[in-house]
Amino acid sequence: MQFFDTHAHIGLIYDDPIEQLRVIQKAKQAGVTRIVSINNSLHDFEIVYNSLKAVAGIYHAVGVAPSEVVNPGKDWAAKIEAALKLPNVVAVGETGLDYFKQFGDKRSQIELFITQLEIAQKYNLPVIIHNRDAGKDVFDVLSERIPDAGAILHCYSENAEYAKKCLGMNVYFSFAGNLTYRNARNLHETVLNIPLDRILLETESPFMVPAEYRERKRSMPAYLPSTARFLAEMLEMDLEELSSQLWKNSCKVFRLPE
């Protein structure tokens, strides 16, 4: 049985490369044999990519998150395109919209988002999307500009009705450790009302610690099986059967061999 963590901020768990390798080793011991490393800025991407580029089972996304909208960096779009040509870079992101903390202004965030969707389309890669209090605008932008390779609504936080609206597009729904929280009824309802072949799991490390590990300060890729067990119970599925389907889904969206 093997698991695929589709979204982990390895560089935020630890900034020390040796500690990062220990995190990855513990993940593999727990059966999490593939991880997509995520960064919010191009500067952080460069550091983490160079530290982990030779590590088996580690893949990378590159993009500029809405938190960086005020200062995405000089020639940021060209730098994303250059990074997409590197080995094991499998997606654009994370990008998207965040109106909760009001990074910059909405128009600037949307422009940043659209440009990265266009880059993803150009390179035929999926895009990993951050959405916080911006569901309508995320949906409206995707409806017009979703890349052919699809999109991942990471750390899904909307409700089942929103998910059903998105099913008409090539969208995957990625659930993090907060799926295991008792009060996450919107997420529980969502996973019961969308096709299994659209579901992914992530840790969003070091955030969203699963309920089983709530006493820990930070989430880890090794905790992904805990969320998978919770999901298996919700769906009344055998864990091995579920893990096999989730593995297939993850490999499909990132165009990796099973």
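Given the structure is predicted, the values throughout are model-derived calculations rather than measurements.
Looking only at distances, no side-chain donor or acceptor of S37 sits under 3.5 Å from a matching main-chain atom of H60. A donor-acceptor pair is defined here as one N or O able to donate and one able to accept, closer than 3.5 Å; such a pair exists between the side chain of Q116 and the backbone of V64. For K26 (side chain) and P221 (main-chain N/O), no donor-acceptor pair under 3.5 Å exists by modelled atom type. In this structure a side-chain-to-backbone donor-acceptor pair under 3.5 Å is missing from N39 to S41. Put simply, the side chain of T190 gets close to the backbone of A160: a donor and an acceptor are under 3.5 Å apart. Judged purely by atom type and a 3.5 angstrom limit, W247 has no side-chain atom pairing as donor or acceptor with the backbone of F4. A donor-acceptor distance shorter than 3.5 angstrom exists from the side chain of R198 to the backbone of L167, with no hydrogens or angles considered. Remark: side-chain polar atoms of N249 are paired, donor with acceptor, to backbone N or O of L196 under 3.5 angstrom. Judged by distance alone, with hydrogens and angles left aside, the side-chain atoms of S244 form no donor-acceptor pair with the main-chain N or O of E241 at under 3.5 Å. A donor-acceptor pair under 3.5 Å is formed between the side chain of Q109 and the backbone N or O of D98.
L231 and Y223 are assigned to two separate hydrophobic clusters, defined by single-linkage of ILVMFWY side chains at heavy-atom distances under 4.5 Å. The hydrophobic clustering, which links ILVMFWY residues whose side-chain heavy atoms are closer than 4.5 Å, places L179 and L242 together. Transitive grouping of hydrophobic side chains (ILVMFWY, heavy atoms separated by less than 4.5 Å) keeps L224 and L200 in distinct clusters. A continuous path of Ile, Leu, Val, Met, Phe, Trp and Tyr side chains, each step under 4.5 Å between heavy atoms, connects L235 with L187, placing both in one hydrophobic cluster.
S174 contributes atom OG, which lies 12.0 Å from atom CD1 of I129 (distance to the nearest 0.5 angstrom). To the nearest 0.5 Å, the span separating CG on L201 from CG on L246 amounts to 5.0 Å. Here the straight-line distance linking atom CG of N88 with atom OH of Y59 works out to 6.0 Å at 0.5 Å rounding. The CG atom of N183 sits 9.0 Å away from atom CG of N178, with the distance rounded to the nearest 0.5 Å. I80 contributes atom CD1, which lies 8.5 Å from atom OG1 of T115 (distance to the nearest 0.5 angstrom). In this structure, H130 NE2 and I38 CD1 are separated by 12.5 Å, a value rounded to the nearest 0.5 Å.
The existence of a salt bridge linking E81 and K122 is confirmed by a sub-4.0 Å separation between a basic side-chain nitrogen and an acidic carboxylate oxygen.
H9 and F207 have perpendicular rings, their planes meeting at more than 60° on a 0 to 90° scale where under 30° would count as parallel. Below 30°, between 30° and 60°, or above 60°: for Y156 and Y162 the angle between ring planes is between 30° and 60°, a tilted geometry.
Cation-pi check for R132 over F103 is not met; the charged atom does not lie both under 6.0 angstrom from the ring centroid and within 45 degrees of its normal. In this structure, R218 forms a cation-pi arrangement with Y14, its terminal cationic atom sitting closer than 6.0 Å to the ring centre and no more than 45° off the ring axis.
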message: Between V89 and F45, does the side-chain contact (heavy atoms from CB on, under 4.5 Å) criterion hold? Intermediate values first, please.
response: CA-CA 11 Å; V89 176; F45 166 80; 4.2 Å; yes

task: Show the numbers, then the answer: is there a side chain to side chain donor-acceptor pair (under 3.5 Å) between N186 and E158?
output: CA-CA 7 Å; N186 61 322; E158 298 285 348; over 6 Å; no

query: Checking side-chain contact (heavy atoms from CB on, under 4.5 Å) for the pair S219/M208: CA distance, chi angles, key distance, verdict?
result: CA-CA 6 Å; S219 188; M208 300 295 177; 5.7 Å; no

Steps toward side-chain contact (heavy atoms from CB on, under 4.5 Å) verdict (T227, F3): CA-CA 11 Å; T227 305; F3 299 94; over 6 Å; no

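I24 pairs with exactly one of T33, I13, L52 by the side-chain contact (heavy atoms from CB on, under 4.5 Å) rule, that one being L52. Of the candidates V36, V171, V253, V253 is the only one forming a side-chain contact (heavy atoms from CB on, under 4.5 Å) with I152.
Side chains of L142 and L153 form a contact here, defined as non-hydrogen atoms less than 4.5 Å apart. Taking 4.5 Å as the limit, every side-chain heavy atom of Y172 sits out of range of all side-chain heavy atoms of P126. Taking 4.5 Å as the limit, some side-chain heavy atom of F254 sits within range of a side-chain heavy atom of I128. Contact annotation: the side chain of C251 approaches that of R34 to within less than 4.5 Å [non-hydrogen atoms, C-beta and beyond]. At least one side-chain heavy atom of I110 sits less than 4.5 Å from a side-chain heavy atom of L97. Within the 4.5 Å cutoff, the side chain of I114 has heavy atoms near those of the R145 side chain. You'll find the side chain of E212 stays beyond 4.5 Å of the side chain of F230, heavy atoms only.
Other residues, nucleotides and ligands contribute over 12 non-hydrogen atoms within 6.0 Å of the CG atom of D197. More than 12 heavy-atom neighbours from other residues, nucleotides or ligands sit within 6.0 angstrom of CD on E19. The number of heavy-atom neighbours closer than 6.0 Å to CD of E46, taken from other residues, nucleotides and ligands shown, is 12 or below. K28 NZ: more than 12 foreign heavy atoms inside a 6.0 Å radius. Under a cut-off of 6.0 angstrom, the local environment of CD in E215 is crowded, with over 12 non-hydrogen atoms contributed by other residues, nucleotides or ligands.
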